[in-house]
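Every chain is numbered from 1, with letters handed out A, B, ... down the list of sequences. Small disclaimer: the values here were computed from a predicted structure and weren't measured.
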2 protein chains.
Amino acid sequence: MRLSEGVEWGLHCLAILGGLPEGGTLPGRVLAEFHGVSPTYLLKHLKTLTEAGLVESVPGPRGGFRLAKPPETITLLDTVIAIDGEAAAFRCTEIRQRSPVRRSATAFALPCPVKVAMLKADAAWRAALASQTLADIIGAVTRIADQEGLRRNAEWLAERVRFTTNTLS
Amino acid sequence: MRLSEGVEWGLHCLAILGGLPEGGTLPGRVLAEFHGVSPTYLLKHLKTLTEAGLVESVPGPRGGFRLAKPPETITLLDTVIAIDGEAAAFRCTEIRQRSPVRRSATAFALPCPVKVAMLKADAAWRAALASQTLADIIGAVTRIADQEGLRRNAEWLAERVRFTTNTLS
DNA sequence: GGAGTGATACTCGGATATCTGGTGTCCGAGTTTTCGCGG
DNA sequence: CCGCGAAAACTCGGACACCAGATATCCGAGTATCACTCC
């Protein structure tokens, strides 16, 4: 089992966007340079986050991306689902029904115990993700990082943040 | 994120093997026929389970597979790790360190908060898997399935179970 | 009749193709800005 | 000096290659069994 690398990219981008001053946007190009990843591929994920309603995109020159909601209302689960999809990790293919032994029609009315057990673990995973918000991540970053480094990062980003006149209705 | 289909196959096979009478073995061919899956590919996963020490393989005619440990001591986490690997779903590639902004050498001494948050969810997933054993699965199967179907399955398997003289030292 | 022995048939084990999904890239559509022109 | 307008440049958005890992398969190595022969 492997989680898409885009999840990591998306979470870091959301954390950066969440730290911007009110109304500021950052172009995808800048986000890619800051994280040292492919700009075009990152755009693909940012587009997905936009469709999911987590970020807003501002077109045109001096455009970019910004959070669509307060960081406190964006959970890690929202982000993971947006990028990686809604489907659970375990997919039951009902191999119990392929047995050559004839079973009655009602034999499989109740769900497969293997499936139930695996989905229990999946629910625990999702609950742990849902209990953490983007605000928690941002708070942890500002707490643990060295203050000098944070200041330099903020400075670098401040030089590239955009404030468009577009209010996005 | 997608869990390997082999995990489902492995769990069902372990459940069947756990229901066999003491000392009985089933060939991979029979397990494949019972689940309606590719015999050769299932063998690949059974070999993996053997290497992980969850099942034992008996070579030669009238050989087959049997559990290597009591069902109570085999957790779902053991099975998932055996087939799908030890690695966590989320892999941190430390993109925070790729920033063009120069940081001090000690800036990244503490772990990445994104990584910490994601691994917290991963730990919850693993804990949920570790808390359930193969015996629980088998118990659930015998509880929820229709008794007539269970009897017919047991009968079909009884015709194919093997008792070799090999003690496997 | 019993023990030894060889062939046998069946099992598991590892190396080899195929294919889906994630990864990465490119070009086009859309919009705001900006510069120039006219009033 | 101010308003208008058209061109431009920069942005995001969707369609197209590439690659790794999971999926699926085949053939070979090994061993308990079984039948036959000999004692």
Participant: For DNA chain D, whose closest nucleotide is more 5', that of S38(B) or that of T50(A)?
Facilitator: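 Closest to the 5' end, via its nearest nucleotide, is T50(A).
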Participant: So does S57(B) get a side-chain nitrogen or oxygen closer than 4.0 Å to the phosphate oxygens (OP1/OP2) of dG13(C)?
Facilitator: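 Yes, S57(B) has a side-chain N/O under 4.0 Å of OP1/OP2 on dG13(C).
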Participant: What is the distance, to the nearest angstrom, from the CZ atom on F65(A) to the C1' atom on dC10(D)?
Facilitator: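 Taking CZ of F65(A) and C1' of dC10(D), I get 13 Å after rounding.
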Participant: Is it the case that more than 12 heavy atoms not belonging to R160(B) sit under 6.0 Å from its CZ atom?
Facilitator: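 Check passes, neighbour count above 12.
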Participant: Between dG21(C) atom P and M1(B) atom CE, what is the distance in whole Å?
Facilitator: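 That distance rounds to 16 Å.
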Participant: Compare the minimum distances between each of dC12(D), dA9(C), dT25(D) and the side chain of L43(A), then state the nucleotide with the smallest one.
Facilitator: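 Of the options given, the side chain of L43(A) lies nearest dC12(D).
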Participant: Distance check: side-chain N/O of R62(B) vs OP1/OP2 of dA9(C), anything under 4.0 Å?
Facilitator: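 Negative; the distance criterion is not met.
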Participant: Under 6.0 Å from the six-membered ring centre of W156(A) and within 45° of its axis: does the NZ or CZ of R152(A) meet both?
Facilitator: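 Judged by the rule, R152(A) and W156(A) form no cation-pi pair.
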Participant: NA contact type, R29(A), heavy-atom cut-off 4.0 Å: base, sugar-phosphate, or nothing?
Facilitator: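 Contact class for R29(A): none.
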Participant: Send over the distance from R91(A) CZ to dA22(D) P, rounded to a whole Å.
Facilitator: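 Taking atom P of dA22(D) as the reference, CZ of R91(A) is at 12 Å.
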Participant: Can you find a heavy atom in the side chain of D122(A) that is under 4.5 Å from one in the side chain of F90(A)?
Facilitator: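 No, too far: nothing below the 4.5 Å cut-off.
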Participant: To the nearest Å, give me how far apart NZ (K47(A)) and P (dC26(C)) are.
Facilitator: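 After rounding, the reported distance stands at 19 Å.
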Participant: Looking at Y41(B), does any N or O in its side chain come under 4.0 Å of the phosphate oxygens OP1/OP2 on dT25(D)?
Facilitator: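 Y41(B) to dT25(D) OP1/OP2: no side-chain N or O under 4.0 Å.
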Participant: Given atom CG of L46(B) and atom C1' of dG13(C), what is their separation to the nearest angstrom?
Facilitator: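 L46(B) atom CG is separated from dG13(C) atom C1' by 12 Å.
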Participant: Under 3.5 Å, is there a donor-acceptor pair between the E148(B) and S104(A) side chains?
Facilitator: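 No - no donor-acceptor pair under 3.5 Å links their side chains.
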Participant: Who clusters with V116(B)? Use side-chain heavy atoms, under 4.5 angstrom, across I, L, V, M, F, W and Y, and order the result by chain and number.
Facilitator: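 Hydrophobic cluster check, V116(B): no partners found.
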Participant: What's the closest nucleotide to the side chain of W9(B) if the choices are dA24(D), dC12(C), dA32(D)?
Facilitator: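 Of dA24(D), dC12(C), dA32(D), dA24(D) is nearest to the side chain of W9(B).
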Participant: Looking only at side-chain N and O atoms, does R162(B) come under 4.0 Å of OP1 or OP2 in dT11(C)?
Facilitator: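 So the side chain of R162(B) is within the cut-off, an N or O lying under 4.0 Å from OP1 or OP2 of dT11(C).
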Participant: Whole angstroms only, please: what is the NE2-P distance between H45(B) and dG14(C)?
Facilitator: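 In whole Å, dG14(C) P lies 15 Å from H45(B) NE2.
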Participant: What nucleic acid atoms does S4(B) come within less than 4.0 Å of, heavy atoms only: base, sugar-phosphate, or nothing?
Facilitator: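 Sugar-phosphate, backbone atoms only, no base.
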Participant: Expressed as a whole number of angstroms, how long is the span from D84(B):CG to dT23(D):C1'?
Facilitator: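 Those two atoms, CG and C1', are 14 Å apart.
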Participant: For L26(B) and for K44(B), locate the closest nucleotide of DNA chain C by heavy-atom distance; then report the residue assigned to the nucleotide nearer the 5' terminus.
Facilitator: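 Looking at DNA chain C, the more 5' nearest nucleotide goes with L26(B).
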